[in-house]
K.L.:
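The structure under discussion is supplied below as structure tokens; questions concerning it will follow.
Owing to the predicted nature of the structure, the values given are computational and were not obtained by experimental measurement. Chain A is the first sequence line, chain B the second, and so forth, proteins listed ahead of strands; every chain is numbered from 1.
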2 protein chains.
Amino acid sequence: MVSTHPLVVPSPAPSGRRLSAEDRERQIVEGAIAYFAEVGLDGQTRELARRLGIAQPLLFRYFPTKAALIERIYEEVYLKRWDAGWEATVRDASLPCLERFRRFEIDYQRTIDNYAWLRIFVSAGLKGFDLPSRYLGMVRARIFTPLLTDMRAESQLPSPEEQPLAADEYELLFGIHGALVYVGLRSLVYGIDGGVDRDAVRAAMLDAALPGLLATHRRVVGAAMPPAAGRAP
Amino acid sequence: MVSTHPLVVPSPAPSGRRLSAEDRERQIVEGAIAYFAEVGLDGQTRELARRLGIAQPLLFRYFPTKAALIERIYEEVYLKRWDAGWEATVRDASLPCLERFRRFEIDYQRTIDNYAWLRIFVSAGLKGFDLPSRYLGMVRARIFTPLLTDMRAESQLPSPEEQPLAADEYELLFGIHGALVYVGLRSLVYGIDGGVDRDAVRAAMLDAALPGLLATHRRVVGAAMPPAAGRAP
DNA sequence: GCCTCTCTTGAGCGAACGATCAACAAGGGC
DNA sequence: GCCCTTGTTGATCGTTCGCTCAAGAGAGGC
């Protein structure tokens, strides 16, 4: 039976019908972020539409393909939430490097300690998309490189031009960074709440880790010094 | 050259046909671990069978459902690789607590710094399975709890019976732990190789983080002391 | 050689997937 | 009131999903 429907039920969709294209698109993007964060990027367009209270083909009116919608999510969640202030903070010569690093991390973690941010990030990594590596490449190049450069100067060590920044030096920052990120991963990806105040936990971690950072940095750079420049005393 | 037979390739499948049930089952489990680690737990049984060089229905001869196969992977990768020696190490009274923690982490990280281990763990977390939370609950209960208990004693602090272990104390260990795990995540989940020796990086992180740990622990426990017991000097 | 046991496969089922298309319907201009 | 633009939907296509089933095929006992 094919019956091209005589009567027709108007629509069971509870969502406000007939939105402007702009509003509908924003609604779809925000719904997609919440939905794909919850179920992973393998989530189904039908279920997404059902949650939005719209028909599934409407998604394809606003985004030609599911991949295009996901690409839009990347822009919305990662590129758009990148704060240019972070790059200014870590270059702020009026502050000691440790304080710059602390302020950057507190701000940065507040941005990424977010259900959608962390889960879509990890999901993209698992699916082999290059978003995570590109994003962390930005952190490395735009945040850690200027920070390490000024840490060299602050400790009266050779500049990166004289002695290139070593992988070990980046790992110093990534180590602390990773400990802070892991706090959110445990809660939002692994599902262990613990009931702790994650911001407070991270502040305590920074208090514990930062005081020794400069000394460790000097030791790492000193160990990598070329013989002609002499060893640490 | 392999030539166990004169001419003629017996089958397009590179996998030896007509294996014993035991061998076939092991082959399927190992193939499934590698495959689902690569593509995530949403991977398809047809593609898994193709990679194994067998027909897809054969999978269902050995595992009644895809979920059962995944459950088997959990046992194989997580429960079976849990090393009872870890629990012995952190209780070894002949070593200082910091050295026990170091030895545990070095061993533990060597186990989990593994493509399949980390990626399936994260994938399970995203899909809402309770494996990650249960597993980290084991680490907390069987490793961190005895360790913190002995750290209390080593620092002449009240025992957990007098003053229960606080969430902050667990976070001290999880902080260092998380920094070490993140080294592997960056490489094996996010796809940033960096070309560093991850074992060496983690050893350096432990060298940087452990010396201050006991002092921080005393400070954390002191701050949580009941007023009657007095404050830190 | 033949039978039997069991490992293995091709064909296929029902459901769900992303994506398409023609038809419907809510506004705004006139 | 009418028309035209445009947001929206039901029906449906081709494919792929997990899973089933009857038939094929290799190894060992006799």
K.L.:
Closer than 3.5 angstrom, by distance alone: can the side chain of A:R100 be matched with the main-chain N or O of A:T89 as a donor-acceptor pair?
P.N.:
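Pair absent, no side-chain N/O of A:R100 close to backbone of A:T89.
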K.L.:
List the steps and the verdict of salt bridge (charged side-chain N to carboxylate O under 4.0 Å, His left out) for A:D207 and A:R102.
P.N.:
CA-CA 9 Å; A:D207 286 338; A:R102 175 199 303 277; 3.0 Å; yes
K.L.:
Rounded to the Å, how far apart are A:E47 CD and C:dG18 P?
P.N.:
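Result: 11 Å.
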K.L.:
Rounded off to whole Å, could you give me the CG-to-C1' distance for the B:L58 and D:dC19 pair?
P.N.:
14 Å
K.L.:
In whole angstroms, how far is the C1' atom of D:dT8 from the CG atom of A:D23?
P.N.:
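Spelled out: CG on A:D23 to C1' on D:dT8 is 15 Å.
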K.L.:
Apply the test ring-ring contact (aromatic ring centres under 6.0 Å, His included) to residues B:Y135 and A:Y190: give CA-CA distance (whole Å), side-chain angles for both, the deciding distance (0.1 Å), then the verdict.
P.N.:
CA-CA 10 Å; B:Y135 193 90; A:Y190 298 156; over 10 Å; no
K.L.:
Taking only residues two or more places apart in sequence or in another chain, which ones pass ring-ring contact (aromatic ring centres under 6.0 Å, His included) with B:F174?
P.N.:
B:F144
K.L.:
For the pair made of CG in B:L19 and P in C:dT6, what is the distance, rounded to whole Å?
P.N.:
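In whole Å, C:dT6 P and B:L19 CG are 17 Å from each other.
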K.L.:
Could you tell me which non-hydrogen atom of B:I176 sits nearest to which non-hydrogen atom of B:L206, and how far apart they are?
P.N.:
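Scanning both residues, the minimum pair turns out to be CG2-CD2, 4.0 Å.
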K.L.:
Please list each protein N or O that sits under 3.5 Å from an N or O in nucleotides 11-15 of chain C, with the distance.
P.N.:
| residue | atom | partner | partner atom | Å |
| --- | --- | --- | --- | --- |
| C:dG12 | O6 | B:R46 | NH2 | 3.2 |

K.L.:
Could you tell me the separation between the CZ atom of A:R50 and the P atom of C:dA16, rounded to a whole number of Å?
P.N.:
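Answer to the nearest Å: 13 Å.
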K.L.:
Side chains of B:S187 and B:R198: do they bring a donor and an acceptor to under 3.5 Å?
P.N.:
yes
K.L.:
Ignoring backbone atoms, test whether A:Y62 places a side-chain nitrogen or oxygen under 4.0 Å from the OP1 or OP2 oxygen of D:dG7.
P.N.:
no
K.L.:
Hey, which of A:Y78, A:F36, A:Y74 is the one that makes ring-ring contact (aromatic ring centres under 6.0 Å, His included) with A:W117?
P.N.:
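So the option named by the test is A:Y78.
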K.L.:
Without hydrogens or angle criteria, can the side chains of A:W82 and A:E87 be said to hold a donor-acceptor pair below 3.5 Å?
P.N.:
yes
K.L.:
Can you pull every protein N or O that's under 3.5 Å from an N or O on nucleotides 4-6 of chain D?
P.N.:
| residue | atom | partner | partner atom | Å |
| --- | --- | --- | --- | --- |
| D:dT6 | O2 | A:R18 | NH1 | 3.3 |
| D:dT6 | O2 | A:R18 | NH2 | 3.2 |

K.L.:
Look at the side-chain N and O atoms of B:T65 and state whether any lies under 4.0 Å from the OP1 or OP2 oxygen of D:dG18.
P.N.:
no
K.L.:
Checking A:S133 side chain against A:D130 main chain: does a donor-acceptor pair fall under 3.5 Å?
P.N.:
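Answer holds: yes.
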K.L.:
Just checking A:F63: base, sugar-phosphate only, or nothing, at a heavy-atom cut-off of under 4.0 Å?
P.N.:
nothing
K.L.:
To the nearest Å, give me how far apart CZ (B:R24) and P (D:dG26) are.
P.N.:
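Whole-Å distance recorded here is 14 Å.
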K.L.:
Tell me the interatomic distance from B:K66, atom NZ, to D:dT16, atom P, rounded to whole angstroms.
P.N.:
16 Å
K.L.:
Would you kindly give the CG-to-P distance between B:L59 and D:dG18, to the nearest whole Å?
P.N.:
10 Å
